[in-house]
Amino acid sequence: MAAAGRDTIAAIATAPGAAAVGIIRISGPAAAAIAAATLGRVPTPRLAALASFRGADGDAIDQGLALWFPGPASFTGEDVLELHGHGGPRVLDLLLERVLGLGARQARPGEFSERAFLNGKLDLAQAEAIADLIGSATATQARLASRSLHGALSRRVSALAESLTRLRVSLEAALDFPDEELGPSDETAASLAAIRADLDHLCTSARQGALVREGRLAVIAGAPNAGKSSLLNALCGEETAIVTPIPGTTRDLLRAEIQIDGLPVRLVDTAGLRPSEDPIEQEGIRRARAEIADADALLLVVDATAGSRSPRAPAEGIAELSTLPSVPTTIIWNKIDRTGDPPGPMAWPDGTPAIGCSALTGAGLEALRHQLRSSAGYSGPDSGEFLARRRHLDALRRCDRHLGEAERAQAAGAPPELVAEELRLAQRAIGEITGEVSSDDLLGRLFSEFCIGK
């Protein structure tokens, strides 16, 4: 792995705003000189020391703790100095200004983690896990991000890559020693099958990890006054949307986030679907349809008092179903407190999943939460192994595709170089997860998502 750049970077490593403690982090070859200039000495390694942080005129800017981590035994693999002072924004700005005046430059977002990756202290999946851990919104996300940071995903990827390497070695030996009859064989087929089985298990875990990280987008749609906004409020447990008996109250998209047993769910309440000459309402309906097209799940709310379940006399809103984008749909048979229908799962003539509920009383909402969780394939907060990203899933899919091509080539008796090439491509694809194979463009995009100072 190539070493990071040799300039020295610095940044405020704590969140913006006033706080009890604020941290300036410095990494690079000038860190020792900056320590000597601001503290009067280089602190004892890995021992918090009380010190005054002095400006160019010798006056104290602040007083706090200084920590010194000489490289390569540091987070970035370089000399690292941390100054822990008071968290006032102006105090931190003055201290950072002093550090920058001593030869450091302002760090880019994620540059400390990028240097840790480039200096071999972390692989790419672990570096991404740092950002995921910081951004965790649920306890399940935090737990799985921590597992990724400690190498749960990386170990699985490395084990698979090692299996691919062993198989490639045996096949490529056949190219170097053609007289030894080392070409594809039953043993090769068995090895390929075993690798694909391991990959399948890894893909299952990665899909669960990506689900926990990304969550689900559930769009609430239906005719005006079906109870869409009431359902949003009931699921959120608070008055997020305005509810009135006047049809068309909701014109724009209303968004809220909830979690169901650790599964993040992004809810979107939309304008009522109906013919309208009102240009504002028309725009709301257009936005509703666009949001539905991007949804993972559609909750089609139907007023149980306004019609029947029969396809011949459908309740208002059901007719709209055929005109909506193709999205996994659950019909919400709402207002059962006024019809006497039982809460919970119910039979629907065309087999579409349906839930009888009352957004007013809360009856049937637990069944709806269960439906949202089970339809996503979510196994629960204790089932995940690690957090995963969409790019990880893409890399795994491409790896599986190349392994499939290798199996087909091997079964057809193709020359070993064709099988070996597919294995090389499979290994290259999976290597993108940990950064064994990466590009500067990819690294730039990934680390730019990090906060400054991390």
Side-chain angles (χ1 to χ4, degrees), residues 1-122 126-127 130-131 133-135 149 443-444 447-454:
M1 188 70 66
R6 296 301 297 165
D7 54 346
T8 298
I9 58 174
I12 299 172
T14 41
V21 177
I23 300 173
I24 301 289
R25 176 175 288 163
I26 303 117
S27 179
I34 291 172
T38 56
L39 310 174
R41 69 189 189 282
V42 176
T44 302
R46 294 169 195 82
L47 182 65
L50 181 65
S52 292
F53 310 147
R54 301 197 175 276
D57 57 5
D59 290 340
I61 297 173
D62 195 8
Q63 185 182 54
L65 297 178
L67 291 99
W68 172 246
F69 305 94
S74 69
F75 174 71
T76 63
E78 304 171 334
D79 289 346
V80 172
L81 174 67
E82 290 188 358
L83 304 177
H84 295 225
H86 295 92
R90 184 55 186 149
V91 173
L92 289 173
D93 286 343
L94 287 172
L95 188 53
L96 179 60
E97 184 179 314
R98 167 66 168 150
V99 170
L100 297 179
L102 290 168
R105 66 166 174 81
Q106 174 71 52
R108 301 188 307 272
E111 192 169 2
F112 291 93
S113 297
E114 182 180 16
R115 290 192 175 199
F117 166 69
L118 293 174
N119 288 323
K121 308 299 288 187
L122 298 168
Q126 289 174 301
I130 294 173
L133 187 58
I134 293 171
L149 178 57
L443 297 181
F447 286 110
S448 67
E449 299 174 0
F450 285 47
C451 56
I452 294 175
K454 196 59 186 172

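Owing to the predicted nature of the structure, the values given are computational and were not obtained by experimental measurement.
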Can you measure from [atom1] ([X]) to [atom2] ([Y]) and round to the nearest 0.5 angstrom?
X      : Y      : atom1 : atom2 : value
Glu114 : Asn119 : CD    : CG    : 10.0 Å
Leu149 : Leu122 : CG    : CG    : 7.0 Å
Leu95  : Ile61  : CG    : CD1   : 5.5 Å
Leu81  : Leu39  : CG    : CG    : 6.0 Å
Glu78  : Leu118 : CD    : CG    : 9.5 Å

Distance-minimising heavy-atom pair for [X] and [Y]:
X     : Y     : result
Gly77 : Ser74 : N-OG, 3.0 Å
Thr8  : Gly28 : OG1-C, 3.5 Å
Pro89 : Gly17 : CG-C, 3.9 Å
Ala66 : Leu83 : CB-CD2, 4.1 Å
Asp62 : Gly85 : OD2-CA, 3.4 Å

Exercise for the section: Look at Asp59 together with Arg54 and state whether they make a salt bridge at an N to O cut-off of under 4.0 Å. Expected result: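 Not counted as a salt bridge, because no side-chain N and carboxylate O are separated by less than 4.0 Å.
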Handout entry: Test: Arg105 and Glu111 ion pair at under 4.0 Å
Key =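 Answer for the salt bridge query: yes.
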Quick one, [X] and [Y] - any side-chain contact, counting heavy atoms below 4.5 Å?
X      : Y      : value
Ile23  : Ile12  : no
Leu92  : His86  : no
His84  : Leu67  : yes
Thr76  : Lys121 : no
Glu82  : Ile26  : no
Phe75  : Ser27  : no
Gln126 : Ile130 : no
Asp93  : Arg90  : yes

Handout entry: Phe69 six-ring centre to Arg46 NZ/CZ under 6.0 Å and within 45° of normal
Key =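 The answer is no; the distance or angle limit is not met.
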Practice task
Please lay out, stage by stage, how Arg98 and Leu102 fare under the test side-chain contact (heavy atoms from CB on, under 4.5 Å).
Solution key: CA-CA 7 Å; Arg98 167 66 168 150; Leu102 290 168; 3.5 Å; yes
Problem - Gln63 vs Phe53, side-chain contact (heavy atoms from CB on, under 4.5 Å): CA-CA, chis, key distance, verdict - result: CA-CA 6 Å; Gln63 185 182 54; Phe53 310 147; over 6 Å; no
Handout entry: Residues Asp79, Trp68; criterion side-chain contact (heavy atoms from CB on, under 4.5 Å); working and verdict
Key = CA-CA 8 Å; Asp79 289 346; Trp68 172 246; 3.6 Å; yes
Problem - By side-chain hydrogen bond (donor to acceptor under 3.5 Å, both in side chains) - contacts of Thr38 (at least two apart) - result: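 Thr38 satisfies side-chain hydrogen bond (donor to acceptor under 3.5 Å, both in side chains) with no other residue.
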Practice task
List in chain and number order the residues that pass side-chain hydrogen bond (donor to acceptor under 3.5 Å, both in side chains) with Arg41, two or more places apart in sequence or in another chain; answer none if no residue qualifies.
Solution key: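 Residues passing side-chain hydrogen bond (donor to acceptor under 3.5 Å, both in side chains) with Arg41: none at all.
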